[in-house]
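Just so we're on the same page: letters track the sequence lines, and every chain starts at 1.
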Protein chains: 2
Amino acid sequence: MSNAQLAINNETGHAAGVNEWLGDGQSAQIKMGSSFTTTHERPLDMHEHLFMIGDKQTHLYQILEGVIGVYKMLPDGRRQIVTFYYPGDMIGGGDKSNWTQHAEALCNAKVRCIPVSTVDTLITTEPGFGQALMSMLATELEETRDQLLSLGRKSALEKVATFLLRISRRNKREGADESLLHLPMKRAEIADYLGLTIETVSRNITKLKTTGIIRLESKSEISVKDISLLEELADGGN
Amino acid sequence: MSNAQLAINNETGHAAGVNEWLGDGQSAQIKMGSSFTTTHERPLDMHEHLFMIGDKQTHLYQILEGVIGVYKMLPDGRRQIVTFYYPGDMIGGGDKSNWTQHAEALCNAKVRCIPVSTVDTLITTEPGFGQALMSMLATELEETRDQLLSLGRKSALEKVATFLLRISRRNKREGADESLLHLPMKRAEIADYLGLTIETVSRNITKLKTTGIIRLESKSEISVKDISLLEELADGGN
DNA sequence: CGATCTTTTGAAAGCTTTCAATCCAAGTGG
DNA sequence: CCACTTGGATTGAAAGCTTTCAAAAGATCG
């Protein structure tokens, strides 16, 4: 059970243990005491919605493949992506009966659907499961607060640097190359995540490229040439 | 036990039930099964820190009086306040052993300190307590995501309007006058919460005043003259 | 190879910040 | 009781950064 998928959206490196019960995505079953509960997988095409705001929260989702973007919108169409979920991450865990935002696949994806009733059962029958869920929420809150710092106080260049660094760190944590970043999402989605426009994102990626800090292998493939410089930029270099 | 203090930082109106165990701030004891655990209160002067980043997380705190600001900083001094905690709110509940941000009293305040060991005990002995904590975290995550939308996608005027509206709704929820807003914090703290400068906050409050949407009774006392207009502004008027 | 979607680049406009000065309210001391 | 001091809030003008509008350059797909 120890593999990269064990991470629960844990940017901070916490070993949130929800997957100890939910498995690593290879099995379709969840152990509950001595019995098992069957879940089902759901494939998602690029841009397909997993749920929309107001939908009844019937399941928790574990990302198996691809990346899911969760976002909020203003009535006039402005959009803010609040988080990207990667394989191994769990979506849900709150106590709301309805979703309070939209979730859309940013590329072809696959999720495991766990009925909320199963989750409720696990909480009462499996000691530690509730704690794991709590830990997951706490980690997510922590990351969201970091993002607040980015959106509220960082310049466009710093935001982009922070974003790339976050991907680099995720790679490192999962044993992948921390210098080779894959961006599964479009510039528009990076922009909506960083509170910028497409053009500003593009310009600042170009700036990082010109400075020699990164290299664009392709539009969605970036190699970091100088991580320490990137870190300095991301934290408001000092 | 049913009073305004029951709210757990619940902007969304959720009746998170942690205070069912922790009481309403009038008692110094917590019921644990048939026994009680004693906690202690701690008064805080204006600008006194409740904890600093990196400090060991020894207690959870329940706000009894005043307002506490929780913030993060960049190495060069830029600050982002991630949330304001009001009476009835709980600080903590994550699973981190150390605080990941600073907490400072914005005015004279008082908190009840609950040892983490007590919390751990409550989680295992009091059915429902863990759920209540989880609910609290979920609500906080939700609010933080709303703030992301503000910081990432709203104009300065919209941010200020949203901020005032949030206070108005808190008042309403607690049975206070939704049209008379008391701002316990300085402009500088509003600015650090909204990702703006003091001057921009001031200018936009003036703008709201000039438009007749609000009236400044004093520097920290605002009366809302047209709530629906304020709401329209806050949500990106359409 | 043409059509379409995405990214990049350029130039002007706009909004927020920065820098500076003034205003205000509260507290202090004579 | 009235200057005087002080910290905070407001207002003004210029600078700066990001957005907007527009167009060109790349990709992708049939």
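Between B:I198 atom CD1 and D:dT11 atom C1' the separation is 14 Å, expressed in whole Å. If you take CG of B:L106 and P of D:dG8, they are 13 Å apart, rounded to a whole angstrom. Spacing between atom CD of B:E199 and atom P of C:dA20 amounts to 12 Å, rounded to whole angstrom units. In this structure, the CD atom of A:E221 is 16 Å from the C1' atom of C:dT7, given to the nearest Å. Whole-Å rounding puts the A:L196 CG to C:dT7 P distance at 15 Å. A straight line from CG of B:D76 to P of C:dT18 spans 11 Å, rounded to a whole angstrom. Between A:L208 atom CG and C:dT8 atom P the separation is 12 Å, expressed in whole Å. A:I205 places its CD1 atom 16 Å from the P atom of C:dT6, with the value rounded to the nearest Å.
To the nearest 0.5 angstrom, B:L50 atom CG is 9.5 Å from B:D55 atom CG. A distance of 10.0 Å separates CG in B:D192 from OH in B:Y71, rounded to the nearest 0.5 Å. For the atom pair A:H49 NE2 and A:M52 CE, the distance stands at 4.5 Å (nearest 0.5 Å).
For B:L216, counting side-chain heavy atoms from C-beta on, the closest listed nucleotide (C:dT16, C:dT9, D:dT10) is D:dT10.
Results of the side chain to side chain donor-acceptor pair (under 3.5 Å) test with A:R145 over B:E140, B:Q147, B:Q80 single out B:E140 as the only residue that passes.
Between A:T197 and the phosphate of D:dT20, there is no side-chain N or O to OP1/OP2 separation shorter than 4.0 Å. Residue B:K219 places none of its side-chain N or O atoms closer than 4.0 Å to OP1 or OP2 of D:dA9. Distances shown here put a side-chain N or O of B:T200 below 4.0 Å from the OP1 or OP2 atom of C:dT17.
The base of D:dG12 lies close enough to the side chain of B:R203 for a donor and an acceptor atom to sit less than 3.5 Å apart.
A:S155 comes within 4.0 angstrom of the backbone, heavy atoms only, and of no base. Within the 4.0 angstrom heavy-atom criterion, base atoms lie near A:S202.
When the nearest nucleotides of DNA chain D are assigned to A:A156 and B:M185 by heavy-atom distance, the more 5′-ward of the two goes with B:M185.
Residues A:D226 and A:S228 bring a donor and an acceptor atom of their side chains to less than 3.5 Å of each other.
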